[in-house]
K.L.:
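Have a look at the structure that comes next, please.
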Amino acid sequence: MRNKIVAGNWKMNKNSEETEDLLNELIDKLPNDKEVQIIVAPTFINLASAVDHLEFTNITVAAQNMHQNENGAYTGEISADMLKSVGVNMVILGHSERRSIFKETDFIISNKVTTALKHEMTVIFCFGEELKDRQNKQHFNVVENQLRDGLFHIENNSWSNIILAYEPVWAIGTGETASPDQAQEMHSFIRQTIRQTFGSDIAENLSILYGGSVKPDNAKEIFSKPDVDGGLIGGAALKATDFVAIVNAI
């Protein structure tokens with residue numbers, strides 16, 4: 001049975017005080033009786049305090065990124081070992097903003113995946129097409145290539161540490177959202193792509209999240225689709241009432 005997951009990517013938002021306030025709100029308002037994995041990804045400087053703050057809760061802390069190398073002269077970067085040392089065992093890799101703004105290639109992201117898995121971390125692997133790809137009817141090809149280039153080097157037993165997050169780039173932070181049927185169509189294609197190479201057991205037990213302007217008013221319909229196992233939430237994760245409403249939509 002696949003895990004239902006709602007993950008909040010806070011991006012470059014919330015200072016230390018604001019982080020603590022939001023975490024307190026989430027602790028107070030999030031349900032404890034729902035069978036859903038809840039994840040939050042604050043900024044690097046607030047990861048350690050978030051881990052401490054959430055120690056006795058059902059909320060998991062993830063990092064928004066990490067470097068592919070173990071250590072060295074990489075000013076401003078964070079290694080897997082550093083994340084693990086403060087209690088962070090999960091990381092978002094390949095987010096569209098890392099790909100577009102910071103020019104991370106499939107090769108770089110693939111190496112990051114390898115490093116994270118070596119350190120027994122869980123990876124939320126992000127991928128998705130841009131608007132021009134969909135307009136040119138290349139969206140399936142783009143998604144398949146990102147999956148193959150970024151993930152298909154891993155061993156079968158590593159898939160239990162992978163969460164997929166399909167994020168159509170044209171629907172991130174734009175207010176546009178893939179229709180529930182569009183999301184289901186792509187998620188079904190993704191699962192079939194995994195099935196063809198790694199088999200049904202891996203494909204059927206793999207959680208695939210939708211990320212692209214999920215909000216309280218559209219979450220329930222999107223999450224109702226059979227191959228959509230939850231969401232990677234951006235802007236709506238920064239307001240406790242919205243994030244809780246999305247969790248409750250599962």
K.L.:
List, one per line, each side-chain donor-acceptor pair under 3.5 Å for residues 228-250, sequence neighbours excluded.
P.N.:
| unit_1 | atom_1 | unit_2 | atom_2 | d |
| --- | --- | --- | --- | --- |
| Asp229 | OD1 | Arg2 | NE | 2.9 |
| Asp229 | OD1 | Arg2 | NH2 | 3.3 |
| Asp229 | OD2 | Arg2 | NE | 3.1 |
| Asp229 | OD2 | Arg191 | NH2 | 2.9 |
| Asp229 | OD2 | Ile208 | N | 2.9 |
| Asn248 | ND2 | Val244 | O | 3.3 |

K.L.:
Sequence neighbours left out, what passes side chain to side chain donor-acceptor pair (under 3.5 Å) with Asn58? Give chain and number order.
P.N.:
none
K.L.:
Rounded to the nearest 0.5 Å, what's the gap from CD on Gln146 to CD1 on Ile109? Could you check?
P.N.:
7.5 Å
K.L.:
Minimum heavy-atom separation for Val143 and Phe189, please, with both atom names.
P.N.:
CG1-CE2, 4.4 Å
K.L.:
Quick one, Met90 and Ile124 - any side-chain contact, counting heavy atoms below 4.5 Å?
P.N.:
yes
K.L.:
Quick one: does Glu167's side chain have a donor or acceptor within less than 3.5 Å of a partner on Ser96's backbone?
P.N.:
yes
K.L.:
Taking atom CG of Asn145 as the centre, does the number of heavy atoms from other residues, nucleotides or ligands within less than 6.0 Å exceed 12?
P.N.:
yes
K.L.:
Not counting sequence neighbours, list each pair that qualifies as a side-chain hydrogen bond (donor to acceptor under 3.5 Å, both in side chains) and has a residue in residues 115-124.
P.N.:
Glu70-Lys118, Glu70-His119
K.L.:
So how far is it from Asn3 CG to Ser207 OG, rounded to the nearest 0.5 Å?
P.N.:
5.0 Å
K.L.:
What about Ile202 and Tyr166, same hydrophobic cluster or not, with Ile/Leu/Val/Met/Phe/Trp/Tyr joined at side-chain heavy-atom distances under 4.5 Å?
P.N.:
yes
K.L.:
Tell me, please, which residues at least two apart from Gln37 pass side chain to side chain donor-acceptor pair (under 3.5 Å).
P.N.:
none
K.L.:
Who pairs with Thr57 by side-chain contact (heavy atoms from CB on, under 4.5 Å), at least two apart in sequence or on another chain?
P.N.:
Ile27, Leu54, Ile59
K.L.:
Please identify each residue that fulfils side-chain contact (heavy atoms from CB on, under 4.5 Å) with Ala116, with sequence neighbours left out.
P.N.:
Met66, Val91, Leu93, Met121, Val123
K.L.:
Can you tell me if CG on Asn71 sees more than 12 non-hydrogen neighbours from other groups inside 6.0 Å?
P.N.:
no
K.L.:
Does a side chain donor of either Ser16 or Asn46 reach within less than 3.5 Å of an acceptor in the other side chain?
P.N.:
yes
K.L.:
With side-chain contact (heavy atoms from CB on, under 4.5 Å) as the test, pick out the partner of Phe127 among Val142, Leu151, Ile190.
P.N.:
Ile190
K.L.:
Taking it one step at a time, do Glu104 and Arg99 satisfy salt bridge (Lys or Arg N to Asp or Glu O under 4.0 Å)?
P.N.:
CA-CA 4 Å; Glu104 290 189 7; Arg99 293 176 185 266; over 6 Å; no
K.L.:
Hey, does the side chain of Glu130 reach the backbone of Val169 with a donor-acceptor pair shorter than 3.5 angstrom?
P.N.:
no
K.L.:
Which atom pair, heavy atoms only, marks the closest approach of His153 to Gly150?
P.N.:
CE1-O, 3.2 Å
K.L.:
Determine whether Val36 and Ile92 fall in the same hydrophobic cluster, where Ile, Leu, Val, Met, Phe, Trp and Tyr are linked whenever their side-chain heavy atoms lie under 4.5 Å apart.
P.N.:
no
K.L.:
Measuring from atom CD1 of Ile194 to atom CD of Glu204, what distance do you get when rounded to the nearest 0.5 angstrom?
P.N.:
11.5 Å
K.L.:
Sub-3.5 Å donor-acceptor pair from the side chain of Asn218 to the main-chain atoms of Val214, do we have one?
P.N.:
no
K.L.:
Does any pair with a residue in residues 77-92 pass salt bridge (charged side-chain N to carboxylate O under 4.0 Å, His left out), and if so which ones, sequence neighbours excluded?
P.N.:
none
K.L.:
Quick one: does any side-chain atom of Lys103 pair with a main-chain N or O of Ser100 as donor and acceptor, under 3.5 Å?
P.N.:
yes
K.L.:
With sequence neighbours left out, what residues match Trp10 under ring pair (Phe, Tyr, Trp, His ring centres under 6.0 Å)?
P.N.:
none
K.L.:
Could you pull out all residues at least two apart from Asn111 that satisfy side-chain contact (heavy atoms from CB on, under 4.5 Å)?
P.N.:
Gln68, Phe107
K.L.:
Looking at residues at least two apart in the chain, or sitting in another chain, which of them share a side-chain contact (heavy atoms from CB on, under 4.5 Å) with Thr197?
P.N.:
Arg148, Phe152
K.L.:
Regarding Tyr210 and Gln182, do their side chains bring together a donor and an acceptor under 3.5 Å, going by distance alone?
P.N.:
no
K.L.:
Compare every heavy atom of Gln64 with every heavy atom of Lys11, then report the nearest pair and how far apart it is.
P.N.:
O-NE2, 3.0 Å
K.L.:
Regarding Asp133 and Gln138, do their side chains bring together a donor and an acceptor under 3.5 Å, going by distance alone?
P.N.:
no
K.L.:
Under 3.5 Å, is there a donor-acceptor pair between the side chain of Glu18 and the main chain of Asn15?
P.N.:
yes
K.L.:
Using side-chain heavy atoms (C-beta onward) and a distance below 4.5 Å, is His67 in contact with Ile78?
P.N.:
no
K.L.:
Please name all residues satisfying side chain to side chain donor-acceptor pair (under 3.5 Å) with Lys225, sequence neighbours left out, ordered by chain then number.
P.N.:
Asp181
K.L.:
Residues two or more places apart in sequence or in another chain: which of them pass side chain to side chain donor-acceptor pair (under 3.5 Å) with Lys29?
P.N.:
Glu25
K.L.:
Hey, what do you get for CH2 (Trp159) to CG (Leu117), rounding to the nearest 0.5 Å?
P.N.:
9.5 Å
